[in-house]
There are 2 protein chains.
Amino acid sequence: MVNPQTDEIRPISVSESPEDKFREFLEIRGEKLTDPRRVLVRHIYSTHKHFDADELVRDLHDSGRAISRSTVYRTLRLLVDAGLLRELRLTNRTAYEHDYGYPDHDHLHCTSCNKVVEFRNEEILKLRDAVSRANGFRASGHRFLIEGVCSSCSRSHSPRRRLDLI
Amino acid sequence: MVNPQTDEIRPISVSESPEDKFREFLEIRGEKLTDPRRVLVRHIYSTHKHFDADELVRDLHDSGRAISRSTVYRTLRLLVDAGLLRELRLTNRTAYEHDYGYPDHDHLHCTSCNKVVEFRNEEILKLRDAVSRANGFRASGHRFLIEGVCSSCSRSHSPRRRLDLI
DNA sequence: ATACATGCAAACCTTTTGCGACAAC
DNA sequence: GTTGTCGCAAAAGGTTTGCATGTAT
C-alpha cells in the first residue's frame, strides 16, 4: 500500500531578502529596482499565499499604491526570471507562488473551483524527477499538478466557477 | 533508488465505437448526432494525438469540411462531458486527448515549447490517487502534469514559443 | 544625452455567447 | 410549431505591446 502521508511545508531560512535578491538580479541585467518594483516585491513577500496579477492590481490600488496593469505583468515576469516567483498555469489564469525560501513541493488543483492545495511527498518528488530525467526534461523547475475535483465541488454539482486560490 | 521505468501506453479494446458512444450520450440528453458533430468525432478519432480547437478548425477547413469555430468549441465540450475526450489545460490553450479506449496515464509538459509527452508509471498512479484521496479530491479524473523544460528547449535558450503538441 | 521605466490604450489570443436563420420531427 | 443546431459576429477575459512621457544618471 502506498503512503499518502505528506510532509509539512515550512519556510527555509535564507540569507538574503527577496528585495535584495531582486535588486541583485536587476543589476546584473543593467536594470534598476525602481519604486513600483520595490512596492511589488515587498507586497508579494508580505504574505505567503498564491495570487494572480489581477489580485495584485486590485490590492495595491485599494491600498493607495496603484501600479499599472502593464507594470504588474512586466514585473511578475521579472520576478519569475529572477527565481523569486513560480508560475502555476491554471485553468483560466496564471497564479504565482513564492519560489524563494520555500521547499520543493507539488500541488493539487481543483479544476472546478480553482482551489490550489500544496503538498510535499518525498516519494512523488523522487519519482517526478526520475521520470523527467528519463524523458530528457531538465532536472530543475518541475512541478507536479494533480488536477481533480475537490470534495466541496464534487458534493455540489455546480459547474466551473472561479473561486479564490489558497 | 526510484525506478523511472514507464509502461507502454497502448489502446484498450472497447466494444463500442466513439461515434456510437457519442450518439448514445446525446440521445440520453435529447440531442442529436448531427453532421458537423459526426465529422468532428470521426476526424478526432482518426488519429491518436493531442490537439487543440484551433488545429481542428484549421484541419477541417483545409480538407474542405469547414466547421465553425463556435460549433467546434461547443462540440468539444460535449465530447468531454461524454467521456470521450479529456482536457489538458496547458500554458495558453486547452489541448485534448482521447479518453476512451486508452489507459490511465500522466504527462510531461514542456512549458517552453508546449510539447506534451505521455507516460505511465504504476507507482505514480498509485501515489497520485492516494494523495488526492488524502486531500479530499475525488478519486477519478485526476491527471498529473509534470511541468518542465524539455531537452531541445534547454539546449537552445530561445524564449517561450508555441510549438506542436505531440 | 542616454538608457531604461512607466502608464495608457490598443492589440492579441483563446474561448464564450447572443441571435437570426434553418432543419427535423 | 416546437425544439434544437449552425454560423456569424460580437463580447469576454487574461495578457502583451507600441508609444509618448518621465526620470535618473
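Proteins come first, then strands; the chains are lettered A, B, ... in the order of their sequence lines, and each starts at number 1.
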Under 3.5 Å, is there a donor-acceptor pair between the Asp129(A) and Ser132(A) side chains?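 Note: Asp129(A) and Ser132(A) side chains miss the donor-acceptor criterion.
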
Taking atom types as modelled and ignoring hydrogens, do the side chains of His105(A) and Glu97(A) form a donor-acceptor contact shorter than 3.5 angstrom? yes

Take atom [atom1] of [X] and atom [atom2] of [N], then tell me their distance rounded to the nearest Å.
X        : N       : atom1 : atom2 : value
Arg29(A) : dC4(C)  : CZ    : P     : 11 Å
Leu76(B) : dC6(D)  : CG    : P     : 13 Å
Glu27(B) : dT5(D)  : CD    : P     : 13 Å
Leu78(A) : dC4(C)  : CG    : C1'   : 12 Å
Asp54(A) : dA12(D) : CG    : C1'   : 14 Å
Leu56(B) : dT14(C) : CG    : C1'   : 15 Å
Arg93(B) : dT14(C) : CZ    : P     : 7 Å
Leu40(B) : dC6(D)  : CG    : P     : 9 Å

Please evaluate residues Lys32(B) and Leu26(B) with respect to the criterion side-chain contact (heavy atoms from CB on, under 4.5 Å), reporting the C-alpha separation (whole Å), side-chain torsions for both, the decisive distance (0.1 Å), and the verdict. CA-CA 6 Å; Lys32(B) 288 158 212 127; Leu26(B) 290 168; over 6 Å; no

In the structure I gave you, are the side-chain heavy atoms of Leu125(B) and Asp104(B) within less than 4.5 Å of one another anywhere?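 Yes, side chains in contact.
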
Would you classify Arg37(B) as touching base, sugar-phosphate or nothing, given that sugar-phosphate means primed atoms plus P, OP1 and OP2, and contacts are heavy atoms under 4.0 Å? sugar-phosphate

Name the closest nucleotide to the [X] side chain, picking from [options].
X        : options                   : result
Arg77(B) : dT16(C), dT17(D), dT15(C) : dT16(C)
Thr71(B) : dT17(D), dG14(D), dG7(D)  : dG7(D)
Glu31(A) : dT15(C), dA5(C), dC8(C)   : dA5(C)

Is there a donor and acceptor pair, one atom on the side chain of Thr34(B) and one on the base of dC6(D), closer than 3.5 Å? no

Using a distance-only criterion (donor-acceptor N/O pair, under 3.5 Å, no hydrogens), is the base of dG7(D) paired with the side chain of Arg74(B)? yes

Just to confirm, is there a sub-4.0 Å distance from OP1 or OP2 of [N] to any side-chain nitrogen or oxygen of [X]?
X        : N       : result
Arg69(A) : dG14(D) : no
Tyr73(B) : dT16(C) : no
Thr94(B) : dT15(C) : yes

What about Tyr45(B) and Phe51(B), same hydrophobic cluster or not, with Ile/Leu/Val/Met/Phe/Trp/Tyr joined at side-chain heavy-atom distances under 4.5 Å?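 Shared cluster, yes.
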
Identify, between Gly30(B) and Ile67(B), the residue whose nearest nucleotide on DNA chain D lies closer to the 5' end.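 Checking each residue's closest nucleotide, the 5'-ward one belongs to Gly30(B).
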
